[in-house]
Protein chains: 2
Amino acid sequence: MPSPVSIKDLATAAGVSHSTVSRAIRGAGRVSAATRARILTLAREMGYYPNEAARSLVMGRTKTIGVVVTTIGDPFVTQVVNGIEDAAHEAGYSVFLSSSRNQADREMAVVRVFRQRRVDAVIVTSSRVGSLYGDALAEFGVPIVLINSQHEGRYLYSIAVDDTQGAELAVEHLLQLGHRRIGHIGSETRSVSCKRRKAGYRQALARRAVTPDPSLSVLPQAANDLSAGRLGLEMLLPANPSAIFAYNDVIAIGALLEARKQGIAIPDQVSLMGFDDIEATEFVTPTLTTVRQPKADMGRAAVEMVLALLKGDEVSNRWLPGELVVRESTTACPW
Amino acid sequence: MPSPVSIKDLATAAGVSHSTVSRAIRGAGRVSAATRARILTLAREMGYYPNEAARSLVMGRTKTIGVVVTTIGDPFVTQVVNGIEDAAHEAGYSVFLSSSRNQADREMAVVRVFRQRRVDAVIVTSSRVGSLYGDALAEFGVPIVLINSQHEGRYLYSIAVDDTQGAELAVEHLLQLGHRRIGHIGSETRSVSCKRRKAGYRQALARRAVTPDPSLSVLPQAANDLSAGRLGLEMLLPANPSAIFAYNDVIAIGALLEARKQGIAIPDQVSLMGFDDIEATEFVTPTLTTVRQPKADMGRAAVEMVLALLKGDEVSNRWLPGELVVRESTTACPW
DNA sequence: CACCTCGGTACACACGTGTGCAACCAAACG
DNA sequence: CGTTTGGTTGCACACGTGTGTACCGAGGTG
């Protein structure tokens with residue numbers, strides 16, 4: 001286990017002072033081309049890699065972004081992190097990944113670790129960002145960007161999908177297929193974005209002068225998983241919808257499974273749409289029509305925002321548009 | 001943007017030297033209980049968080065693990081990273097996440113970054129670990145643990161699922177259901193584990209004295225995705241199997257979709273199994289019987305191995321057992 | 001020739017923390 | 001009271017890197 005070669009080792013080997021080496025490596029400063037070339041080849045030969053810890057210490061920055069996720073298992077989070085990592089890598093930043101599991105103690109621990117590590121910025125995906133947690137983050141004093149957060153704060157910046165526009169897109173698609181009795185299954189656990197998607201649903205109906213039927217809009221009391229979709233479908237059936245727009249894909253898939261169980265043909269009897277475009281939409285039968293969230297783009301946008309904030313630029317929150325993805329679960333209204 | 005409070009600020013505030021503060025914080029060393037308590041409460045009040053970069057510099061370790069994945073999008077990788085992050089967090093380590101995307105230049109860049117950051121160890125998930133890449137990693141001089149790698153090296157440590165045992169489990173399940181003509185769809189792109197699973201398939205058959213039919217074992221020339229499964233099913237149909245064991249879940253789902261397209265009822269006409277237990281197995285219809293890889297456990301095991309290696313312990317490679325998960329896609333042989 | 005300029009280099013300090021060693025102090029002991 | 005002892009604390013250095021400043025030599029100019 002040979003200890004890594006330091007800038008001093010390199011300096012002695014090259015017969016110069018360590019400061020000359022530093023300038024040669026960084027490319028900045030007045031170093032003769034000859035010396036510079038000699039140092040660079042020597043560095044390669046000796047396998048010199050500048051110690052980022054030391055560099056961070058003197059520069060007062062770590063070139064590091066802390067990313068908090070509730071759980072990496074969430075297929076949505078996964079793609080966002082993908083985009084974050086990609087953009088961070090390009091900008092020369094590294095990513096610390098930590099999951100909070102929605103546990104208060106874990107959240108506090110993550111903040112503490114990030115403070116100790118002196119991350120230059122923090123990106124939080126899909127979290128509630130409880131008040132306690134948010135305060136701790138804000139007091140931290142580094143740029144914080146939230147992605148699809150349920151939190152609306154003054155000192156926090158955010159990137160999110162345009163829930164209203166996305167929902168309008170979805171419902172407009174159903175309207176164009178001739179549907180008029182369009183049901184909506186909401187989500188209790190994600191109230192902010194749920195409210196926005198419901199607003200989009202209403203606006204799309206209003207634009208076509210379809211009077212909304214309250215019995216066509218349900219809010220199952222269940223966790224944000226398949227069961228909410230199953231329950232939602234049951235609640236919706238008495239209202240006799242020809243199409244259903246679910247809050248998200250998981251709920252839509254839950255409704256799909258329940259429909260199959262009850263012998264309801266999708267899309268022949270009822271058209272069905274979700275929101276998010278998770279991977280599983282392609283695995284179910286029929287494949288699920290949905291509104292794609294530009295997940296990787298949202299991750300990239302978060303990094304861009306972080307970089308702008310670090311540069312001291314003024315930035316404002318961004319809402320990225322959703323994109324309609326038509327698959328097999330929607331078809332013309334049979335009536 | 002107040003710059004973070006340093007150990008010196010705390011020392012002046014407490015009226016002691018910074019070394020006393022250091023000892024008080026770390027708990028080690030001879031400091032009177034009174035002074036210690038005073039410093040600790042003061043630290044809390046002033047919001048002091050020890051700078052890990054400085055600590056790393058003087059301690060010669062970073063309490064950091066570099067994790068390389070091909071892509072975070074892979075649902076398998078996701079769960080492994082989950083386990084890694086969890087175990088690392090418990091041990092006081094932080095995780096640098098980087099994706100290589102199976103691109104040589106990215107792989108080299110990742111190694112370079114990890115060297116600069118002086119990570120204490122590296123964990124690599126599901127990679128080919130090309131020779132170039134592997135050499136660069138080995139020269140790095142820190143413990144390296146591979147998870148489900150296709151690479152067999154002398155200086156590299158590894159954690160993997162027991163492919164042979166898992167495949168035996170799968171085929172034994174089908175045999176118990178009365179199947180005798182059991183087909184197998186392999187994967188070209190992951191030759192090492194594919195070979196092992198095929199061996200397990202053969203051994204299970206041999207134990208029940210079922211003579212293997214070569215036409216029941218196919219190796220579609222396709223990427224490791226749904227299309228391989230579709231192609232595999234087509235290749236297998238002429239051999240008239242009553243059950244199929246696919247190399248993994250994605251391939252099995254591909255076969256499932258193709259079967260539906262061709263009007264073949266699963267499981268009534270043909271039983272179907274995968275391997276891995278990815279999330280989508282619960283979303284397809286029928287839900288997919290499979291062999292679960294203990295993904296999170298594999299991640300945790302990798303961290304344990306890393307910690308042992310850092311302690312200087314002798315360690316040996318580990319194969320974790322797969323676990324049979326029976327769902328709807330398998331049933332008794334109809335013949 | 002003296003002076004100035006400018007490119008190249010070294011010296012010294014700083015960043016924040018851990019730690020060996022010496023110094024100090026109080027108490028106990030002779 | 002002097003000495004020893006043991007527990008607290010400070011001093012100084014180290015870790016690896018960036019950078020302001022000074023030094024030095026060469027070349028140009030008056």
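As the structure is a prediction and not an experimental result, all values here were calculated from the model.
Backbone-only contact: B/T35 has heavy atoms under 4.0 Å from sugar-phosphate atoms and none from a base.
In summary, B/E85 and A/R106 engage in a salt bridge, as defined by a charged side-chain N under 4.0 Å from a carboxylate O.
Residues B/V77 and B/T71 have side chains not in contact (no heavy-atom distance under 4.5 Å, counting atoms from C-beta outward). For the pair B/Y157/B/N317, a side-chain contact is recorded, criterion being any heavy-atom separation below 4.5 Å from C-beta on.
Look at CZ on B/R36: it is 16 Å from C1' on D/dT9, rounded to the nearest Å. Between A/L10 atom CG and D/dG18 atom C1' there is a gap of 15 Å when expressed in whole angstrom units.
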Acceptor/donor pairs from residues 301-316 of chain B side chains to any protein atom, 3.5 angstrom cut, sequence neighbours excluded:
none

Heavy-atom protein contacts under 4.0 Å, nucleotides 16-21 of chain C, coded B base, S sugar-phosphate only, - none: BBBBBB
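A/R118 and A/S56 share no side-chain donor-acceptor pair at under 3.5 Å.
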